[in-house]
Structures are given as structure tokens and as C-alpha cells.
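Because the structure is a prediction, the values reported are computed rather than measured. Sequence positions, counted from 1, serve as the residue numbers for this chain.
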Amino acid sequence: MKEERRNFYRSLYAQPDAPLTVIQVNYRILKLKIRMCPDQDYAELRSNALKMAMAVLNDPLKRAVYDRDLRKRYPIRMLSLGSFASGIVKDIPDCTESRTNRRNYYRVLQIQPDAPAEIVIASYQALLQYPYQNVDLLGEAYAVLANPAARMRYDAYLAGKWKYSEKTLIPVGKIGRTGRPDCGSDTTSPVVEESGATLSYCVFCHAAYTEQVGPYQQHACLECGSPLPVPAETFLEPKHRTNIRISMHGEFQYYQFWPDLPSKGIIQDLSPRGTRFLAETSLSLNDVIKIDAPNFRAVAEVVHQHRIQAFISVGACFLTVKFEQERGSFLAVRV
């Protein structure tokens with residue numbers, strides 16, 4: 001029997017963990033487009049490919065077996081980003097703008113990066129009816145991907161053509177009452193709301209949060225769980241041994257985008273200001289990653305890397321960090 005080499009998820013423009021409702025609506029949209037195709041030979045060939053993909057992905061048992069084989073051949077980043085994972089994307093101009101948003105909007109809408117506009121609209125509408133959805137996040141993703149100009153800039157960002165900056169953002173637009181994006185609005189940081197509260201953003205996923213006054217502070221992002229920045233006036237700067245680095249070993253997980261499946265790393269050493277770890281795949285300098293380790297959580301920027309046999313040794317500087325034990329790891333605080 002000939003081995004099936006096609007990626008059924010890419011055939012249906014769906015993410016590898018997309019719910020069945022998205023896969024089904026994508027299938028209907030693509031079948032409708034085929035009926036309008038004047039080339040009947042191509043239309044029949046394409047229709048048969050879609051039927052084969054749907055026959056597998058529509059069956060939970062067949063899909064489970066197919067998923068297991070597929071992920072042995074390809075990492076989740078390649079499956080979810082396609083050609084964007086390697087930074088090779090055609091017809092996207094080089095951009096010098098920068099942004100802090102680390103969300104993968106294609107995974108939010110459970111579609112592939114090369115999905116046509118009809119799939120973007122259909123998947124968005126299908127997910128709005130799906131239970132337990134973050135409607136605001138869906139609207140934010142739709143506002144970018146349904147806007148051709150904003151989508152082109154966002155695609156350049158995913159392809160690695162934009163550099164990270166803490167202050168500069170691109171316009172993302174807002175969803176109007178018609179369900180279409182308002183392309184004239186910009187997003188800036190920070191923002192002062194009418195109530196007088198300061199609106200800030202998560203360093204990693206750029207989810208908004210309000211800085212609270214009083215003893216009940218929000219210490220972690222409610223969307224991605226990353227530690228939020230500590231106000232400068234409340235940060236205790238250690239006077240001695242600020243660069244102490246301890247050797248330690250242990251597995252942890254890190255994310256390059258949110259939401260996405262994590263990659264695994266092995267910690268080499270740790271300090272109050274950063275960490276060094278072994279990764280299986282190369283990262284880019286200035287990449288911002290979310291770290292979930294047994295004894296700390298952090299958002300860090302990649303500052304250097306070099307190869308050690310089959311692994312990549314990555315040095316990362318903390319942008320925000322939260323240790324499980326505030327005292328005893330590196331220093332003692334006395335009042």
C-alpha cells in the first residue's frame with residue numbers, strides 16, 4: 001500500500017488540533033469553491049483529495065492514528081506555521097516596524113497561514129458558536145487576518161521579518177457591529193482609561209490588564225499565565241552578588257507563541273537575571289519566549305546561542321520572572 005504523504009490539515013487549511021466544526025466548515029467552503037472552478041479535471045482531482053482528507057479527519061479513531069504518524073514526521077511549529085516556520089514566505093515585503101504581540105492568530109482561528117479569506121471568515125463564525133471560546137481574542141485575530149494590509153504585515157512578523165520591541169505596535173483594528181474590522185484604529189501602550197486606571201500589556205502575549213492600587217495586585221497574565229512586570233518602586237534591587245549563577249539541571253517547557261504547543265528544554269544554569277538552557281531547535285536572537293519551569297515562570301529574551309553536539313545552548317535574559325520561593329534561592333531579604 002502506498003504511504004499517504006499529504007498533510008490532510010493543510011489540504012483543509014486547518015490547524016492540527018482544530019475542532020471538528022472548523023474542519024467541517026472549511027470542507028464545505030472549499031467544495032463550494034471547486035464547483036465554481038472552470039477546469040473540471042483539476043476540480044475532480046481536488047475534490048477527491050478533500051474527500052480523502054475529510055474521511056480521515058471526520059473519524060475520531062482514524063484521526064488519532066493519523067495525528068500520531070504525522071507528528072512523528074513534523075514538529076508542531078511546522079504543522080501550524082507551514083512555510084512561515086522557516087521564514088521563507090513569498091510576496092511579503094521586508095518590514096522595519098516592530099511589535100510586541102506574540103500571539104499566533106492563525107492558531108487562534110484554527111486555520112493555516114495560507115488560508116483564503118473565505119476560510120478566515122468561516123472559521124471565525126464557526127468558533128463564535130463553539131463553546132468555551134474567548135470571544136475577544138477571536139475578534140482580535142479576525143480583525144488582523146480579515147484585513148489584507150494588516151494580515152500582510154502580520155505574516156511578515158510570523159516569517160521573522162520584524163524585530164521585537166517593547167514599545168512599538170502595529171495597528172490591529174477593532175471589530176465593529178457588522179463583524180468587519182475597523183482598519184483605522186491603532187493600539188498603543190500604555191493607555192489611560194476613562195476611569196483613570198492605567199491599562200498595560202503582558203510582555204509576551206500582549207493581553208491587556210489594569211494596574212491595580214492596593215494589596216490585591218495581579219501578578220500573572222490572565223491569558224497566558226506569564227508573570228507581569230513589577231513596578232519599579234516596589235522592586236528590591238539586591239546590593240550584593242547580583243550576578244550569582246547556580247548550576248542546575250531539569251526539564252522545562254517554553255513557548256514561542258501563544259497559544260501554541262510548548263517545546264522542551266533542559267536548564268543548564270540560573271541566575272536572578274536570566275538562564276542558560278539546551279534546546280533541540282535553534283532560536284533567533286531577540287526572540288521572546290515564555291518559560292514554565294518547576295521552580296519559576298518567566299518571559300525572557302534570547303541574547304545568545306551556540307551549538308553543543310545535537311543541542312543548541314541558549315542564553316536568555318529575563319524580562320519578567322516569578323520564582324516559586326522568593327527567599328533562599330539567590331538572596332535573603334531583611335526589613
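- The shortest distance between side-chain heavy atoms of Arg35 and Leu32 falls below 4.5 Å.
- Centroid-to-centroid, the aromatic rings of Phe257 and Tyr106 stay 6.0 Å apart or farther.
- In the hydrophobic clustering of ILVMFWY residues, with side-chain heavy atoms under 4.5 Å counting as a link, Tyr142 and Leu128 come out together.
- Ser263 and Gln253 share no side-chain donor-acceptor pair at under 3.5 Å.
- In this structure, Ser123 contributes its side chain and Ile119 its backbone to a donor-acceptor pair below 3.5 Å.
- To the nearest 0.5 Å, atoms CG (Leu20) and CZ (Arg63) are separated by 7.0 Å.
- Side-chain contact between Arg46 and Lys33 is absent, with no heavy-atom pair separated by less than 4.5 Å.
- With salt bridges taken as basic N to acidic carboxylate O contacts below 4.0 Å, one links Lys290 and Asp292.
- Checked against the 6.0 Å centroid threshold, Phe277 and Tyr254 count as a close aromatic pair.
- Under a cut-off of 6.0 angstrom, the local environment of CD in Gln133 is crowded, with over 12 non-hydrogen atoms contributed by other residues, nucleotides or ligands.
- Side chain of Arg297 to main chain of Gly225: a donor-acceptor pair is present (N/O by atom type, distance under 3.5 Å, no hydrogens or angles).
- Ring-plane geometry between Tyr66 and Tyr9 is classed as tilted, the angle between the planes lying from 30 to 60 degrees on a 0 to 90 degree scale.
- Atom-to-atom distance recorded for Ser313:OG and Arg276:CZ is 5.0 Å, nearest 0.5 angstrom.
- When side chains are defined from C-beta on, Ser282 does not count as touching Val314, because their heavy atoms never get closer than 4.5 Å.
- Using modelled atom types, no side-chain atom of Glu251 and backbone atom of Ile266 make a donor-acceptor pair closer than 3.5 Å.
- Separating the SG atom in Cys202 from the CZ atom in Arg103 is a distance of 8.5 Å, to the nearest 0.5 Å.
- Under a 3.5 Å cut-off, the side chain of Thr320 and the backbone N or O of Val203 do not form any donor-acceptor pair.
- Contact of the Leu278 side chain with the Ile267 side chain is not registered, since no non-hydrogen atoms from C-beta on lie closer than 4.5 Å.
- With hydrogens and angles ignored, the 3.5 Å screen pairs a side-chain donor or acceptor of Asp287 with a backbone N or O of Ser284.
- Side-chain atoms of Asn26 come within 3.5 Å of backbone atoms of Leu12 as a donor-acceptor pair (strictly under, hydrogens ignored).
- Using a 4.5 Å cut-off on side-chain heavy atoms (C-beta onward), Phe318 and Leu270 make contact.
- For Lys31, the NZ atom is densely surrounded, since the number of other residues' heavy atoms within 6.0 Å is greater than 12.
- Closest approach of Ile23 and Ala18 over heavy atoms only: CD1-O, 4.0 Å.
- Using a 4.5 Å heavy-atom threshold, the side chains of Leu283 and Gln305 count as touching.
- Considering only residues two or more places apart in sequence or on other chains, Val25 meets the side chain to side chain contact (heavy atoms under 4.5 Å, CB included) condition with Arg28, Ala122, Ala126.
- Residues Trp258 and Arg107 form no side-chain contact, since every pair of their non-hydrogen atoms from C-beta on lies 4.5 Å or further apart.
- In this structure, the side chain of Thr275 does not engage the main chain of Ser271 through any donor-acceptor pair within 3.5 Å.
- Looking at Asn48, its side chain does come within 3.5 Å of a backbone N or O of Glu44 through a donor-acceptor pair.
- Taking CG of Leu145 as the start and CD of Glu140 as the end, the distance is 10.5 Å to the nearest 0.5 Å.
- Ring planes of His306 and His304: parallel class, angle under 30° (limits at 30 and 60°).
- Side-chain contact between Cys221 and Phe204 is absent, with no heavy atoms from C-beta onward closer than 4.5 Å.
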